[in-house]
Amino acid sequence: MIHTPPTEHPEEIKDALHHIEEAEQAEPLTDQERERRHSLEELRSLGIEPYPYSFDRTRYSDEAIALFEESNPDAHPTASIAGRIMAIRRMGKAMFAHVQDEAGKIQIYFKSNELGERYDLLRLLDIGDIIGAKGFIFRTRTGEITLHVESFEILAKAIRPLPVVKEETDPVTGETIRHDAFSDKELRYRQRYVDLVVNADIRKTFRTRSKIISTIRRFFDERGYLEVETPILQPIYGGAYARPFITHHNALDFDLFLRIADELYLKRLIVGGLAEGVYEIAKDFRNEGMDKNHSPEFTMAEIYIAYKDYEWMMSFVEELFVAVAKAVTPPPMERSGIGGGWGVVNFTPPFRRLTMYDSILEYTGRDISRMNEDELWITAKELGVGIEKGSGAGKIIDEIFSAKVEHHLIEPTFITDYPLSMSPLAKMHRTKPGLVERFELYVNGHEIANAFSELNDPLDQRARFEEQARLRSKGDEEAMVLDEDFLRALEYGMPPMAGLGFGIDRLTMVLTGEESIRDVVLFPAMRPERMR
RNA sequence: GAUCCCGUAGCUCAGUGGUAGAGCAUCUGACUUUUAAUCAGAGGGUCGAUGGUUCGAGCCCAUCCGGGAUCACCA
């Protein structure tokens, strides 16, 4: 009964084959897909459900291996494992396979004289199928700890072939050498589920990302700050310089914007006294170009803490980032680059602190602290920094900084005290005219955090918005929009406070060594795919 | 948005104008401790799409689609 040659099918299989033929007319199947559908129907015809409901797994692969290593040499502890078949080696009356689960891989071993008729089912198994297996653990002649299968169950039949990645372990270095990688970026992004199955390193990256977020959340929670949720759909957007996405609410017949920042809503909550520290970790959306540092939707963490200023916030950020780095990287919290471009980033405190003027002095030799707009213009030209006509002093300083300083800031470095005109939500510097109390943290040449002593003078804030409106009327599409309700909130009185925002994606890039934001986003934005 | 590169079998890739290839995967056969299993054989292609040049196009040209990189823009 078991040994049905593939060419002679019982009636019910023939019926099933009709379905396959119909499917084929809509969308031609490859030989491998056809083969797998045949196996699927054959399992059903043998009374075996290829998609059962559950399985009683007792060990992850690494636990099963540890169990054997820890027990006495003659013992053969039992375990039942479940996972995806990643390799099959058929040896006639015996068969080896590797099964991958969350923790890793374990080899399993089938013997025909022990499994009897069940052994014949193995011919219907393919790479990619998900199975559960129960047995005892032993070590093979060649030394691999292996589950000797006493019973097994098919938990999900895969009817599409998985890209096969062959791996070997270098006998000298012990490193894994990969032979047929699944490396096409487009396929990896579009079919992330396949990428995750096949590429262990990307699984690690996303687990690290998750660890980063949970560490941040715990850090905030432990200090008594309150996690909140604010609107994603907003009638007025604000809190950053960016172009928004626009959407439409049918019932209200009204256009709404997807938020570009959480800032103005979080501040309203501080006004209300919901808590003296509030934070949100969530997606923001910016309708701008995409490249390896920009994604149209990205994850932002923002926190606002009453009665604190930016000096306090700097120490807070340092403590936070050290905690995060510690949680995801082995001591001494360093990592070296993958594929060039990445230096070694050392998160050992204290981080360097440098004013923006001093950083420009250090890397260009020019002291711009007392220059007027004309002098700045000449300096920028002398330094070979291209400046657009009509740029104000703040913009010129920013350009010089971006061109001449930023890429030097590999080790975590706080840059402090920014020109007023670039920071319409930050408080004036208490001693330095024309500057605001603001800092950004740079790591590996990229800005990863931004903070200020928050502006709480409602009249000053109104004036700053009006200046933004002036820029907007001159054609600056990214200038901020005046938010009358936010001003009303400030007029009720907002305590002095420090605010911080930082991008989770870029932080993850720094801590995992990924060089593109798409490699730290599970489902990066892509043009729609034409299904075949 | 601009420029450059790429698109060939399920995956990774060769193929510079003359009958579409390799490795892995798949199928058939052998094999009861293998491990990039091995050995013997077989099947598998709208060469991203459309149009053009040519006796003849995977290859040359144009347009389009998709991706990547660089730049521009950009918290």
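Nothing here was measured: the structure is a model prediction, and the numbers come from that model. Every heavy atom of this structure was used, including side-chain atoms; hydrogens, water molecules and symmetry mates were not. In what follows, chains carry the letters A, B, and so on, assigned in the order in which the sequence lines appear, proteins first and then strands, with residues in each chain numbered from 1.
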How would you list, by chain and number, every residue that makes a side chain to side chain contact (heavy atoms under 4.5 Å, CB included) with [X], sequence neighbours excluded?
X: Ile130(A); result: Arg84(A), Leu155(A), Ala156(A)
X: Ser295(A); result: Ile517(A)
X: Met314(A); result: Tyr310(A), Glu311(A), Arg353(A), Phe414(A), Thr416(A), Phe439(A)
X: Lys283(A); result: Phe285(A), Glu297(A), Thr299(A)

side-chain hydrogen bond (donor to acceptor under 3.5 Å, both in side chains) involving Glu168(A) - partner list, sequence neighbours excluded: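 Glu168(A) satisfies side-chain hydrogen bond (donor to acceptor under 3.5 Å, both in side chains) with His179(A) only.
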Can you give me the N/O atom pairs linking the protein to nucleotides 71-74 of chain B at distances under 3.5 Å, or say none if there are none?
from: C74(B); atom 1: O2'; to: Glu288(A); atom 2: OE1; distance (Å): 2.7
from: C74(B); atom 1: O2; to: His294(A); atom 2: NE2; distance (Å): 2.2

Donor-acceptor pairs are to be reported for all side-chain atoms of residues 401-409 of chain A against protein atoms at under 3.5 Å, with residues two or more places apart or in another chain.
from: Ser402(A); atom 1: OG; to: Asp398(A); atom 2: O; distance (Å): 2.9
from: Lys404(A); atom 1: NZ; to: Leu383(A); atom 2: O; distance (Å): 3.3
from: His408(A); atom 1: NE2; to: Lys404(A); atom 2: O; distance (Å): 3.4

Pairs under 3.5 angstrom, nitrogen or oxygen only, protein versus nucleotides 31-36 of chain B, please.
from: C31(B); atom 1: N3; to: Gly92(A); atom 2: N; distance (Å): 3.2
from: C31(B); atom 1: N4; to: Gly92(A); atom 2: N; distance (Å): 3.3
from: U32(B); atom 1: OP2; to: Lys93(A); atom 2: N; distance (Å): 3.3
from: U33(B); atom 1: O2'; to: Arg141(A); atom 2: NE; distance (Å): 2.8
from: U33(B); atom 1: O2'; to: Arg141(A); atom 2: NH1; distance (Å): 3.1
from: U33(B); atom 1: O2'; to: Arg141(A); atom 2: NH2; distance (Å): 3.4
from: U33(B); atom 1: O2; to: Arg141(A); atom 2: N; distance (Å): 2.7
from: U34(B); atom 1: OP1; to: Arg141(A); atom 2: NH1; distance (Å): 3.0
from: U34(B); atom 1: O2; to: Arg89(A); atom 2: NE; distance (Å): 2.7
from: U34(B); atom 1: O2; to: Arg89(A); atom 2: NH2; distance (Å): 3.4
from: U34(B); atom 1: O2; to: Gln107(A); atom 2: OE1; distance (Å): 3.4
from: U34(B); atom 1: N3; to: Gln107(A); atom 2: OE1; distance (Å): 2.7
from: U34(B); atom 1: N3; to: Gln107(A); atom 2: NE2; distance (Å): 3.0
from: U34(B); atom 1: O4; to: Gln107(A); atom 2: NE2; distance (Å): 2.3
from: U34(B); atom 1: O4; to: Thr140(A); atom 2: OG1; distance (Å): 2.9
from: U35(B); atom 1: O4'; to: Arg89(A); atom 2: NE; distance (Å): 3.3
from: U35(B); atom 1: O2; to: Glu144(A); atom 2: OE1; distance (Å): 2.8
from: U35(B); atom 1: N3; to: Glu144(A); atom 2: OE1; distance (Å): 2.7
from: U35(B); atom 1: O4; to: Thr140(A); atom 2: OG1; distance (Å): 3.3
from: U35(B); atom 1: O4; to: Thr142(A); atom 2: OG1; distance (Å): 2.0
from: A36(B); atom 1: O4'; to: Glu167(A); atom 2: O; distance (Å): 3.4
from: A36(B); atom 1: N7; to: Glu168(A); atom 2: OE2; distance (Å): 3.4
from: A36(B); atom 1: N1; to: His179(A); atom 2: ND1; distance (Å): 2.8

In dot-bracket, 5' to 3', how would RNA chain B read with Watson-Crick or G-U wobble pairs under 3.5 Å, [ ] for crossing ones and | for pairs to another strand? (((((((..((((....[..)))).(((((.......))))).....(((((..]....))))))))))))....
By ring-ring contact (aromatic ring centres under 6.0 Å, His included) - contacts of Phe136(A) (at least two apart):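 ring-ring contact (aromatic ring centres under 6.0 Å, His included) check on Phe136(A) returns His76(A), His148(A).
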Can I get a per-line list of side-chain donor-acceptor pairs under 3.5 Å for residues 237-245 of chain A, giving both atom names and the distance, sequence neighbours left out?
from: Tyr237(A); atom 1: OH; to: Arg472(A); atom 2: NH2; distance (Å): 3.1
from: Tyr241(A); atom 1: OH; to: Gln468(A); atom 2: NE2; distance (Å): 3.3

Write out a two-atom table: protein N or O, nucleotide N or O from nucleotides 43-46 of chain B, distance below 3.5 Å.
from: G43(B); atom 1: N2; to: Asp31(A); atom 2: OD2; distance (Å): 2.5

